[in-house]
Undergrad: 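Take a look at the following structure, please.
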Amino acid sequence: MSAQLIDGIALSQKLRAEIASRAAALTAQGKQPGLAVILVGEDPASQVYVRNKVKACGDVGFHSVLEKYEADLGEADLLARIEALNNDPAIHGILVQMPLPKHINPHKVIEAIATSKDVDGYSVLSAGELMTGLEGFRPCTPYGCMKLIESTGVDLRGKHAVVIGRSNTVGKPMGLLLLQANATVTICHSATPDLGLYTRQADVVVAAVGRRDTLTADMVKPGAIVIDVGMNRDDNGKLCGDVDFAGIKEVASHITPVPGGVGPMTITMLLMNTIESAERK
Ligand code: NAP
């Protein structure tokens, strides 16, 4: 059996076209969606991430603001900038690129963002909204994974979903979103003794670990959907995920590639949260 590829690039393009037409409709009413991105310091990977986010905004017709600050920016100054953006009616989403320099408390910064503009969905209030089923912003990566699963046409009701990883930004919200979609959910982590015992029972596996070959073909139930969030490097320095793609594609029914699976969806869902924020207003 050879699994069907879940193409994150194609799905992203489709969703971004929809977002662009929603943005055009808002702009025609004088309410162009706006995203502010703040970068503190010179981290090279962060520079690339913020550039990609700002470019994606332009591509779908959003207004965007990129605020870059030196690594020695004071915490109080950053909090003051966030407060100004909270009160700026042209801005519907605020994103502070992580990691921040050590002297700035990231929790304080995330909590300073108005919940109505927390398009990363990282604040305690946004997490609480997700937990209790209230309307709010879902963290972009797990939200993208849900869209990828939805694109297979498989109904999650009654299915057993296993999430590997329990971070606040991926694993835990992923588990909650799957639960909301009526799956029976198991969350595994580094203290799970026999990972395969759980994954072999799963109709859907989402791997969000950061270690290649965490999931191998012998750990997958035939016909399962496998979503690979991981971003790692193989021995040749090539980007790879957490799952043994070559082996698992012979067992699974659907699988996301790395690159070209979850990755492109993350920025797309940031745009989705921003348009939803602008529309709510
Ligand atoms: P993280 O905060 O480091 O969390 C990793 C999780 O994996 C932890 O919960 C950890 O368990 C668990 N884990 C570690 N070793 C394990 C093992 N042997 N068996 C089972 N679980 C194990 O990482 P993250 O931020 O969630 O990201 C996970 C991966 O996704 C990384 O590769 C990251 O680069 C990637 N990522 C990709 C995107 C994208 O857009 N494509 C976005 C976000 C993240 P403990 O909690 O017990 O330590």
Side-chain angles (χ1 to χ4, degrees), residues 5-12 15-16 37 43-46 48-53 55-56 95-100 106-107 110 119-122 127 130 137-149 161-178 185-202 205-216 218-220 226-234 237-245 248 255-273:
L5 214 64
I6 310 176
D7 184 343
I9 297 174
L11 183 58
S12 274
L15 292 174
R16 287 187 198 200
V37 179
D43 179 61
S46 295
V48 175
Y49 295 147
V50 298
R51 240 193 344 260
N52 289 344
K53 287 168 186 170
K55 180 178 179 305
L95 180 153
V96 180
Q97 186 64 46
M98 299 291 158
L100 286 166
H107 300 291
I110 290 167
V119 287
D120 254 342
Y122 286 171
L130 174 61
F137 296 114
R138 289 152 275 196
C140 302
T141 300
Y143 190 11
C145 292
M146 290 303 288
K147 291 281 177 196
L148 289 164
I149 296 169
V162 170
V163 180
I164 317 174
R166 57 172 166 182
S167 68
N168 288 334
T169 49
V170 189
K172 280 183 204 156
M174 189 72 234
L176 289 170
L177 288 169
L178 289 161
V185 179
T186 302
I187 301 185
C188 300
H189 43 78
S190 67
T192 302
D194 180 0
L195 191 58
L197 178 70
Y198 302 93
T199 58
R200 272 190 288 275
Q201 299 172 40
V205 182
V206 180
V209 174
R211 201 192 64 165
R212 67 185 161 132
D213 292 334
T214 297
L215 190 75
T216 48
D218 58 307
M219 297 165 77
V220 175
V226 176
I227 307 291
D228 192 353
V229 182
M231 287 200 308
N232 312 295
R233 297 274 162 196
D234 67 14
K238 245 182 84 193
L239 191 65
C240 69
D242 286 344
V243 318
D244 168 26
F245 181 84
I248 292 176
I255 186 168
T256 57
V258 177
V262 175
M265 292 297 290
T266 295
I267 293 186
T268 300
M269 301 327 287
L270 173 71
L271 300 172
M272 185 71 84
N273 277 343

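In this text, all values refer to a predicted model and were calculated from it rather than measured experimentally. What's counted below: heavy atoms across the whole structure, side chains too, no hydrogens, waters or symmetry copies. Note that ligands are numbered from 1 as they come in the structure, with each ligand's atoms numbered from 1 the same way.
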Undergrad: Have a look at R211, M269, M231 and point out the one with the heavy atom closest to atom 34 (O) of ligand 1.
TA: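 Among R211, M269, M231, the closest heavy atom to atom 34 (O) of ligand 1 belongs to M231.
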Undergrad: Please classify the V229 to ligand 1 contact at 4.0 Å (heavy-atom distances, strictly less than): side chain, backbone, both or neither.
TA: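 The part of V229 near ligand 1 is both the backbone and the side chain.
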Undergrad: Would you check the N or O atoms of R166, main chain and side chain alike, for any that come under 3.5 Å of an N or O of ligand 1?
TA: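 Yes - when backbone and side-chain N and O of R166 are compared with those of ligand 1, one distance drops under 3.5 Å.
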Undergrad: What residue and atom, counting heavy atoms only, is the protein's closest point to atom 12 (C) of ligand 1, and at what distance?
TA: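 Closest protein heavy atom to atom 12 (C) of ligand 1: G165 CA, 4.0 Å.
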Undergrad: Need the ligand 1 atom indices (1-based, order shown) with element for anything under 4.0 Å from a heavy-atom of I164.
TA: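 Numbered from 1, ligand 1 contributes 20 (C), 21 (N).
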Undergrad: For atom 23 (O) of ligand 1, find the nearest protein heavy atom and state the residue, atom name and distance (0.1 Å precision).
TA: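 It is V209 O, 4.3 Å.
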Undergrad: With L215 as reference, evaluate D228, V243, V206, L195 under the side chain to side chain contact (heavy atoms under 4.5 Å, CB included) test and give the passing residue.
TA: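 Only match with L215 under side chain to side chain contact (heavy atoms under 4.5 Å, CB included): V243.
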Undergrad: Counting from 1, what ligand 1 atoms have a heavy atom of A208 closer than 4.0 Å?
TA: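 Within the 4.0 Å cut-off of A208, ligand 1 contributes 5 (C), 6 (C), 7 (O), 28 (C).
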Undergrad: Starting from atom 22 (C) of ligand 1, what is the nearest protein heavy atom, named by residue and atom, and what distance separates them?
TA: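 Scanning the protein heavy atoms, the shortest distance from atom 22 (C) of ligand 1 goes to S190 N, 3.6 Å.
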Undergrad: How close does the nearest protein non-hydrogen atom get to atom 20 (C) of ligand 1, and which residue and atom is it?
TA: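 Protein heavy atom with the smallest distance to atom 20 (C) of ligand 1: H189 O, 3.2 Å.
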Undergrad: Starting from atom 42 (C) of ligand 1, find the nearest protein heavy-atom neighbour and note its residue, name and distance.
TA: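 Of the protein heavy atoms, T141 OG1, 3.2 Å lies nearest.
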Undergrad: Which protein heavy atom lies closest to atom 44 (C) of ligand 1, and at what distance to 0.1 Å?
TA: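 So the nearest neighbour among protein heavy atoms is V170 CG2, 4.0 Å.
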Undergrad: Please tell me if the side chains of L15 and M269 come closer than 4.5 Å, counting only heavy atoms from C-beta onward.
TA: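 Result yes, sub-4.5 Å side-chain heavy-atom pair found.
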Undergrad: If we set the cut-off at 4.0 Å for heavy atoms, which region of M265 has an atom near ligand 1: side chain, backbone, both, or neither?
TA: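 Neither; nothing of M265 gets under 4.0 Å from ligand 1.
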